[in-house]
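Note that the coordinates shown come from a computational prediction; the quantities given were computed from them, not determined experimentally.
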Amino acid sequence: MQVSVIIPVINEAEAIAGCLAQFRGQRNVEVIVVDGGSRDGTQERTRATGIARLVTSPRPGRSVQMNRGARSASGEVLLFLHADTLLPDGAMRMIRESLEDPCVAGGSFRLGLSEDTWMFRTIAFLSTMRSRYLGVIYGDQGIYVRRAVFDRVAGFPEVALFEDSEFCASVRELGRFVLLDGSVRTSTRRWRRWGVVPTIFWMWMLRILYLCSVSDKRLCRLYREVR
């Protein structure tokens, strides 16, 4: 079962080589980096690794870039990963084993963070509870899906925010969406740049406003991407 890893990037020169290194030597794994217009050397560093195929997106935006990568992928399974996220050991085995159950449409990993402090351990724990009991999944957890299911839901909705959770909700309509035991290791750069309390406040506020039908374009003006 081939897994295609799709990594959307914009100006991720500092992170991309480390992210790609985790796939060196892995069998039956295709890695695709989808660039949305980087100007910091991301494309050059991607090519230099010799690990991934570089694809350019017609316009920036995670959902647009991930859909573009999926169209270029040949795997039976698609794994969508952020450039600042490292997978747990045995991640591909866990994915493949979960999909031995034909009722499983896709899944994600638990969130883990790059700093091992009580504060970030608490955040990771609460994220796991959110995913398990509220069913809210974000892209920094690593999301995977059967290719056939991805095609049936027509890929990610091309919205500016929350494309990941909307996509997972659509996948759930076609089968089980599982939360694997392994935890990814995602950078704490956003938490450090924004501050922990403001990050929690703003992410939940944006989520609530989105559920209240505030347009994604309006919400995007409030969301500050960190790289």
Side-chain angles (χ1 to χ4, degrees), residues 1-10 12-36 38 41-57 62 65-102 104-114 116 124 131 137-151 155-156 164 167-168 171 175-187:
M1 187 181 290
Q2 185 181 43
V3 179
S4 293
V5 183
I6 297 165
I7 307 170
V9 296
I10 298 180
E12 291 284 10
E14 292 185 9
I16 191 61
C19 178
L20 294 179
Q22 66 188 310
F23 301 108
R24 188 178 300 280
Q26 293 208 30
R27 298 178 60 187
N28 293 323
V29 175
E30 172 187 50
V31 186
I32 300 171
V33 172
V34 188
D35 190 85
S38 297
T42 297
Q43 294 188 20
E44 291 77 8
R45 293 193 183 189
T46 297
R47 292 191 186 98
T49 67
I51 296 170
R53 176 156 53 94
L54 181 66
V55 173
T56 57
S57 174
R62 274 207 179 104
Q65 290 171 238
M66 291 188 291
N67 288 339
R68 175 69 180 85
R71 289 196 295 272
S72 301
S74 59
E76 303 159 74
V77 181
L78 306 176
L79 169 60
F80 299 93
L81 192 69
H82 289 185
D84 64 349
T85 298
L86 300 178
L87 295 168
D89 292 340
M92 298 304 164
R93 173 185 53 77
M94 286 186 267
I95 289 172
R96 292 184 177 109
E97 286 179 354
S98 75
L99 294 173
E100 289 176 1
D101 181 346
V104 172
S108 73
F109 296 89
R110 297 179 181 181
L111 179 67
L113 295 167
S114 58
D116 188 23
S131 299
I137 306 291
Y138 292 133
D140 55 5
Q141 295 173 240
I143 296 169
Y144 67 94
V145 65
R146 296 182 190 273
R147 177 56 185 261
V149 172
F150 181 89
D151 291 340
F156 286 88
D164 38 18
F167 172 75
C168 293
V171 170
R176 286 179 57 214
F177 191 95
V178 298
L179 184 65
L180 298 177
D181 287 337
S183 297
V184 298
R185 190 165 177 263
T186 292
S187 171

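- Between S74 and S4, the shortest heavy-atom distance links the atoms N-OG, 3.6 Å.
- The heavy-atom pair separating V34 from S57 by the smallest distance is CG1-CB, 4.0 Å.
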Original post:
What's the verdict on side chain to side chain contact (heavy atoms under 4.5 Å, CB included) for L179 and S108, showing C-alpha distance, side-chain angles and the deciding distance?
Top reply: CA-CA 5 Å; L179 184 65; S108 73; 3.5 Å; yes
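- Here CZ of R47 is found 12.5 Å from CD1 of I16. Values are rounded to the nearest 0.5 Å.
- For the pair V5/M92, a side-chain contact is recorded, criterion being any heavy-atom separation below 4.5 Å from C-beta on.
- Although no hydrogens or angles enter the test, the distance criterion places a donor-acceptor pair under 3.5 Å between the side chain of T42 and the main chain of E12.
- In this structure a side-chain-to-backbone donor-acceptor pair under 3.5 Å is present from Q65 to V9.
- To the nearest 0.5 Å, atoms CG (L54) and OG1 (T46) are separated by 5.5 Å.
- Checked by atom type and distance alone, the side chain of R146 pairs as donor or acceptor with a backbone atom of L99 at under 3.5 Å.
- Side-chain contact between F177 and I137 is present, with heavy atoms from C-beta onward closer than 4.5 Å.
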Subject >> D84 vs D140, side chain to side chain contact (heavy atoms under 4.5 Å, CB included): CA-CA, chis, key distance, verdict >> reply: CA-CA 8 Å; D84 64 349; D140 55 5; 5.7 Å; no
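- Across all non-hydrogen atoms, the minimal contact from A73 to I6 is CB-CD1, 4.3 Å.
- Looking at heavy atoms from C-beta onward, F167 lies out of side-chain contact with M66 at the 4.5 angstrom threshold.
- Formation of a donor-acceptor pair under 3.5 Å by the R45 side chain with backbone atoms of A13 is found in this model.
- Expressed to the nearest 0.5 Å, how far CZ of F109 lies from CD1 of I143 amounts to 11.5 Å.
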**OP:** Apply side chain to side chain contact (heavy atoms under 4.5 Å, CB included) to L79 and L87, showing your working.
**Re:** CA-CA 11 Å; L79 169 60; L87 295 168; 3.8 Å; yes
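- Of all heavy-atom pairs spanning L111 and Q141, the tightest one is CB-CG, 4.1 Å.
- Under the 4.5 Å side-chain criterion, counting only non-hydrogen atoms from C-beta, V171 is not in contact with Y144.
- Looking at heavy atoms from C-beta onward, S131 lies out of side-chain contact with Y138 at the 4.5 angstrom threshold.
- Remark: the backbone N or O of I32 is not paired with any side-chain donor or acceptor of R53 at under 3.5 angstrom.
- Formation of a donor-acceptor pair under 3.5 Å by the R96 side chain with backbone atoms of M1 is found in this model.
- Among all heavy-atom pairs drawn from I7 and C19, the shortest one is CD1-SG, 3.8 Å.
- Atoms CZ and CZ, from F80 and R62 in turn, are 13.0 Å apart once rounded to the nearest 0.5 Å.
- No donor-acceptor pair closer than 3.5 Å links the side chain of Q43 to the backbone N or O of D35.
- Remark: the backbone N or O of Q22 is paired with a side-chain donor or acceptor of Q26 at under 3.5 angstrom.
- A heavy-atom distance below 4.5 Å is found between the side chains of L180 and I95.
- Summarising the geometry of L78 relative to R147, their closest heavy-atom pair is CD1-CD, 3.6 Å, with the distance given to 0.1 Å.
- When atom types are taken as modelled, the side chain of E76 and the backbone of Q2 share a donor-acceptor pair closer than 3.5 angstrom.
- Listed for the R176 side chain is no donor-acceptor partner under 3.5 Å among the backbone atoms of G107.
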